[in-house]
Each structure stands twice: as structure tokens, then as C-alpha cells.
There are 2 protein chains.
Amino acid sequence: MAIEMVTETAGKDVTDMLRNAGLRPTRQRVSLAELLYSKGDRHLSAELLHEEAVAADVPVSLATVYNTLHQFTEAGLLREVAIEGNKTYFDTKVSDHHHFFIEGENKVIDIPGEGVGIGELPAIPEGMEVVHVDVVVRLRKKS
Amino acid sequence: MAIEMVTETAGKDVTDMLRNAGLRPTRQRVSLAELLYSKGDRHLSAELLHEEAVAADVPVSLATVYNTLHQFTEAGLLREVAIEGNKTYFDTKVSDHHHFFIEGENKVIDIPGEGVGIGELPAIPEGMEVVHVDVVVRLRKKS
DNA sequence: ATTTGTGCAAATCGTTTGCATCTGA
DNA sequence: TCAGATGCAAACGATTTGCACAAAT
């Protein structure tokens, strides 16, 4: 019953979140949003989210997952993290922060708190402005 | 004539560079290496290098360009920079440094000198070691 | 009713691979 | 000679798109 409440509440939150973002709260979008936001900060690929959705008896097509992820990103609900060559990861935490990347495991982890301080920004070229600073600390298992 | 000399010299350097790296200085590899290293530090995709090669009357296949880029990378002559989702960029500057990325133009630029200082590294998770720290400062044209 | 979203399958893009053919030491 | 390199075309994985169908306002 507590679980029911949580689920309902999450559903409501998510519905509002979508509406506020100007996105129709369709079955699929609500379900995907719940998967994305009900487990803390996450970093996932479209493929992985699709698998989770199917596993959760929310059969969405992979195409819709891609569409949805991009719509969420445009709406500012997600951030794309470019860390690795071919695969795209989406980060449910949109505020400023940086990442660890575990090589070999292809795993992305938030760097907690203000873990990294950029000493000073370099001179920005003429007529340009900074959109974002990404720091990726690549890790491997100690040998 | 000055140009001839430069070309020959570059060819020689490049041949040695390849030999030292344990790579046979074949026609294609020498040509690609010259394109890569005769214009200062560069950041290019396989596709772009292939186009340059063809334009320079060095018809290599795209597959060979890919192979070559990876061999050079393994040999430590290039570095792969993961900046953007789908495309892979190779950096002819292998020493430690960071990058500007111009959004919209898909252009990668070295941050000169010690432009960026990482204040302090965050706590590294148990049993892990840092392979590399990548900093990407994303820029857009000021509006 | 109208507009917007969804699913499927086919198309695309970047990259890799298998294999027959060439080439450098 | 002959291991190693190349080219081509086909294979591939991730992502996208076109279009008929379904659902939300």
C-alpha cells in the first residue's frame, strides 16, 4: 500500500513534470519517466532503458525510447553525456557536475559534491561563450 | 625547391617515426602520417582524413584510414578524443592537454598551455586508479 | 475532430571485418 | 619469399526516419 502510494505519487509528479515541459503525458512517456527518475540519479543508454521498460511490462519500441530521450533532453529533463565513442548516455541529473568513467565496465558515475574544482578557465576565444564544462575522470581497476 | 626539401624531410621524419613505432612505413601510412603531422596539431575524423588523402592524390580506402588511425593510436602517435556522440576524433597532440569544442561547427581546439587547472581530484573509488582526466569546454558563438 | 505520439521496418551513418590480392623488407 | 598491409564489399551496431495507425486533448 505504501508502494501503491509511492507509485501513484511518482506518476503524478511525472505527469506534471511532462506537462510543465510541454510534453503530452502519454502512457509511454510517463512510464519511461518513472523508470528514469524513480531510482535516483542514473546514466543510461537508450538500449538499456528499452530493456528496462520491456522488463517492466511497458512494451515501448526502441524508436520511441530514442524519440522520448531526445524530447526529454530538449525539454531540459535529461542531459546527454558524451563520454565514449559510439554510445550515447543520458544523465538524469541535469545540474552541473562531473563524471567518473570506469573503463572496461563502460560505467558512468557522478562525481559527488564539488569533487572537482576547475582552477581557472582558459581565455575564451573571441566572440564565444561557454556553454558547459565537462570533466571526465577515466578510471581503471588498479592492477 | 624549399618546398621539395620540406617534403622530403617530412617524409624522412615520418618514415623514422613509423619505424620507431614498429610500423612498416608503407605508402599509405607515410602519406597519412604526413597529412596528419605536417600541419601542426590537428583533430580529425577518419572521414575527414580520408577526404584529405583523396584530395592529395593518395587514394587510400576508408577502411585503411580507420586501420591506420587505430594502429597509430596503439603506437602512441595519436590520441582518441571522445567529445561527441557518434564520431571519433583523433588528436595529433598526445601530451596532456584539454579541449575547446565549438558547438555547431563540430570543431575541436586545443586549450593552449596550462589553461585549465584542475583544482583537486575527487576521492577515487576503492581499488581504482586514474587513467586520464579529460576536460572539454563547450563553446558557442555569443548571441 | 484534430493534433500529436507510437510502432514497425527500412534507411542511414560511422565503423569494423573477411578475404583475396598486393607489397615491402 | 612471405609476413604483413591494403582494398573492397559486405557485415555491423547505434541511431533515425517515413508512414500508417492509435491515443490524447
Side-chain angles (χ1 to χ4, degrees), chain A residues 11-12 14-33 35 43-54 56-75 77-78 80-90 106 108, chain B residues 11-12 14-33 35 43-54 56-75 77-78 80-90 106 108:
Chain A
K12 230 184 169 6
V14 154
T15 301
D16 289 347
M17 175 190 278
L18 292 176
R19 260 193 244 284
N20 292 340
L23 295 170
R24 276 202 207 166
T26 64
R27 238 187 280 307
Q28 293 82 335
R29 297 215 268 232
V30 171
S31 301
L32 293 177
L35 285 172
H43 307 85
L44 9 86
S45 61
E47 192 100 26
L48 185 54
L49 180 57
H50 181 239
E51 281 167 23
E52 282 195 13
V54 171
D57 282 310
V58 185
V60 268
S61 73
L62 187 53
T64 296
V65 171
Y66 274 105
N67 290 337
T68 302
L69 286 172
H70 285 138
Q71 290 154 355
F72 284 14
T73 301
E74 276 164 39
L77 304 176
L78 288 175
E80 233 173 298
V81 280
I83 286 203
E84 222 212 341
N86 28 1
K87 235 166 198 158
T88 304
Y89 288 85
F90 293 86
N106 284 19
V108 181
Chain B
K12 235 189 165 2
V14 154
T15 300
D16 290 347
M17 174 189 279
L18 292 177
R19 261 193 245 283
N20 293 339
L23 295 170
R24 273 204 212 164
T26 64
R27 235 188 283 308
Q28 293 82 334
R29 298 217 266 233
V30 171
S31 300
L32 292 178
L35 286 173
H43 307 84
L44 9 86
S45 61
E47 192 99 29
L48 184 55
L49 180 57
H50 182 239
E51 281 167 23
E52 282 195 14
V54 171
D57 282 309
V58 185
V60 268
S61 71
L62 186 54
T64 296
V65 172
Y66 274 105
N67 290 337
T68 303
L69 286 172
H70 286 138
Q71 290 153 358
F72 283 14
T73 301
E74 276 164 39
L77 304 176
L78 288 176
E80 235 172 294
V81 280
I83 285 203
E84 224 211 340
N86 29 0
K87 234 165 198 159
T88 304
Y89 287 85
F90 294 85
N106 284 19
V108 181

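In the text below, chain A, chain B and the rest are named by the order of the sequence lines, each starting its count at 1.
- Applying the ring pair (Phe, Tyr, Trp, His ring centres under 6.0 Å) criterion to Y66(A), with sequence neighbours excluded, gives no partner residue.
- Summarising the geometry, the separation between CD on E84(B) and C1' on dC13(C) is reported as 12 Å, rounded to the nearest angstrom.
- Between the CG atom in L69(A) and the NE2 atom in H50(A) there is a gap of 11.0 Å [rounded to 0.5 Å].
- For Q28(B), the side-chain hydrogen bond (donor to acceptor under 3.5 Å, both in side chains) test picks out no residue, with sequence neighbours left out.
- When the side-chain contact (heavy atoms from CB on, under 4.5 Å) test is applied to R19(B), the partners found at least two apart in sequence or on another chain are T15(B), P25(B).
- Spacing between atom CG of L18(A) and atom P of dG5(C) amounts to 11 Å, rounded to whole angstrom units.
- Considering only residues two or more places apart in sequence or on other chains, Q71(B) meets the side-chain contact (heavy atoms from CB on, under 4.5 Å) condition with L23(B), R29(B), N67(B), T68(B).
- Take E51(B) and apply the side-chain contact (heavy atoms from CB on, under 4.5 Å) test, not counting sequence neighbours, and it matches E47(B), L48(B).
- Applying the side-chain contact (heavy atoms from CB on, under 4.5 Å) criterion to E74(B), with sequence neighbours excluded, gives no partner residue.
- Of the side-chain N and O atoms in T88(B), none sit less than 4.0 angstrom from OP1 or OP2 of dG14(C).
- In this view, N106(A) and E84(A) satisfy the side-chain hydrogen bond (donor to acceptor under 3.5 Å, both in side chains) rule, not counting sequence neighbours.
- Rounded to an integer number of Å, the gap from L48(B) CG to dC13(C) C1' is 16 Å.
- The phosphate of dT6(C) has neither OP1 nor OP2 within less than 4.0 Å of any side-chain N or O from T64(A).
- With sequence neighbours excluded, the residues that form a side-chain hydrogen bond (donor to acceptor under 3.5 Å, both in side chains) with T64(A) are S61(A).
- Within 4.0 Å of S45(A), counting heavy atoms only, lies no atom of the nucleic acid at all.
- Here the side chain of L62(B) is nearest to one of dT6(C), dA14(D), dT15(C), namely dT15(C).
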Just by protein heavy atoms under 4.0 Å, how would nucleotides 20-25 of chain C read 5' to 3' in B, S and -? ---BBS
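- Bending across the helix from dA1(C)-dT25(D) to dA25(C)-dT1(D), expressed as the angle between its end axes from five pairs apiece, amounts to 30° (10° rounding).
- Comparing dA5(D), dC8(C), dA14(D) by their closest approach to the side chain of S61(A) singles out dC8(C).
- Applying the ring pair (Phe, Tyr, Trp, His ring centres under 6.0 Å) rule to H43(B) yields the partners H99(B); only residues at least two apart in sequence or on another chain are considered.
- Taking CZ of F90(A) as the start and CG of L49(A) as the end, the distance is 9.5 Å to the nearest 0.5 Å.
- Residues from residues 66-75 of chain A that place a heavy atom under 4.0 Å from any atom of DNA chain C: there are none.
- In the set dG14(C), dG5(C), dA5(D), the nucleotide with an atom closest to the side chain of R29(B) is dA5(D).
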